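Worksheet: the structure to be examined is printed underneath.
Keep in mind that this is a model prediction, so the values were computed, not measured.
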Protein chains: 2
Amino acid sequence: MENQQIKQAGLKVTAPRVKILGILEHSGKRHLSAEDVYKELLSQDEEIGLATVYRVLTQFEGAGLVCRRHFEGGQSVFELNSGSHHDHLVCIKCGKIVEFVDSLIEDRQIAIAAEHGFRIEDHSLVVYGLCAGCQNAR
Amino acid sequence: MENQQIKQAGLKVTAPRVKILGILEHSGKRHLSAEDVYKELLSQDEEIGLATVYRVLTQFEGAGLVCRRHFEGGQSVFELNSGSHHDHLVCIKCGKIVEFVDSLIEDRQIAIAAEHGFRIEDHSLVVYGLCAGCQNAR
DNA sequence: GGGGAAACTGAAAATCTTTCGCATCTTGCT
DNA sequence: AGCAAGATGCGAAAGATTTTCAGTTTCCCC
Ligand SMILES: [Mn+2]
Ligand SMILES: [Mn+2]
Ligand SMILES: [Zn+2]
Ligand SMILES: [Zn+2]
């Protein structure tokens, strides 16, 4: 369970960490802001401060347990590290998020970086638009 | 000169606007943060407040004169709108920025959005890595 | 099963970037 | 020149995240 992952990450197993990891795993949404996690904790009557949520999420990120995403506007969102990279399609109206992977795009990025002598460390591709539902809402 | 562009944007021609547009046009760097612009103004002994710099840059953005980019870390950066879209390769060590356009990637994005019923409004692709120079610095 | 050093936590204060409120100037037009 | 709309500069405010710090907890070792 969660305890193992936390331990393997080199972190002590504490109530806040177990709770937060649990929320990331079983809360319906895959992409949560620190605030989202905090509210979920509150709704479960957990006495955990927002600063701790940020701290823990950052530690989880450092340990490779979660990925932090910076979409436009406001807060960063966190998601469990699925192990495989993917990019995002975000609806600017309702916030719906669709994940996708495209090897053609990935390959082109590598080629382009190489053309310019860069060694890729990471990349961020986010496509913003209106989802099907939001296009039909007049 | 600058005055025309500002006027055509529907904005009054004021000293701060002319100065800021001038800095964006002739300051060596293509990508500047509001703070960068502010410092440049200070070094030219201009009495312009940081709030005005942000305000003006935001107005320029609204008028289509400049584009605002949100790279990782801290501040947004602004660049003159070249008229044509492009993406960025950013060195995480020295901050060097290389611009590129890849129609294959653009096309795939459109196809992917379509597959998911999205109508694209915008997108952001940033590839982070080490530039040639920074790779050889041990 | 304790003892204790190291790690962790909540709450408040601090940072950092960007935006607001507002009294005071400027610009653009007659 | 005279005026109304629009701009500016300043300080305060806001929003997100981080840091500080004193009290607590975990977990390694005997
Ligand atoms: Mn995702
Ligand atoms: Mn650019
Ligand atoms: Zn939508
Ligand atoms: Zn570099």
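Annotation: side-chain contact (heavy atoms from CB on, under 4.5 Å) contacts of B:K39 (sequence neighbours excluded): B:E35. A search for side-chain contact (heavy atoms from CB on, under 4.5 Å) contacts involving B:R68 returns B:T58, B:E61, B:H70, B:S76, B:F78, not counting sequence neighbours.
With side-chain heavy atoms closer than 4.5 Å counting as contact, directly or through intermediates, B:L104 stands alone and belongs to no larger hydrophobic cluster.
The interatomic distance linking A:Y38 (OH) with D:dT17 (C1') rounds to 14 Å, in whole Å. Atom CG of B:L57 is separated from atom C1' of D:dT8 by 15 Å (rounded to the nearest Å). One atom, CG of B:L50, and another, C1' of C:dT19, lie 10 Å apart when rounded to the nearest Å. As a whole-Å value, the separation of B:I6 CD1 from D:dT8 C1' is 14 Å.
Side-chain atoms of A:S43 come within 3.5 Å of backbone N or O of A:E40 as a donor-acceptor pair.
With ring centers used as reference points, A:F100 lies 6.0 Å or more from A:H86. Taking the six-membered ring for Trp and the full ring otherwise, B:H88 and B:F71 have centroids separated by under 6.0 Å.
Using a 3.5 Å distance cut-off with no hydrogens or angles, the side chains of B:E99 and B:H31 do pair a donor with an acceptor.
At least one side-chain heavy atom of A:Q44 sits less than 4.5 Å from a side-chain heavy atom of A:K19. Inter-residue side-chain proximity for B:L125 and B:I105 is flagged as met; some heavy-atom pair is nearer than 4.5 Å.
Within the 4.0 Å cut-off from OP1 or OP2 of D:dT17, at least one side-chain nitrogen or oxygen of A:Y54 is found.
Across residues 41-49 of chain A, A:E47, A:I48, A:G49 each have a non-hydrogen atom less than 4.0 Å from an atom of DNA chain C (numbered order). Of the residues in residues 69-80 of chain A, those with a non-hydrogen atom less than 4.0 angstrom from any atom of DNA chain D are A:Q75, A:S76.
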**OP:** Encode nucleotides 20-30 of chain D as B, S and - characters from 5' to 3', where the letter depends on protein heavy atoms closer than 4.0 Å: B to the base, S only to sugar-phosphate, - to neither.
**Re:** B-----BS---
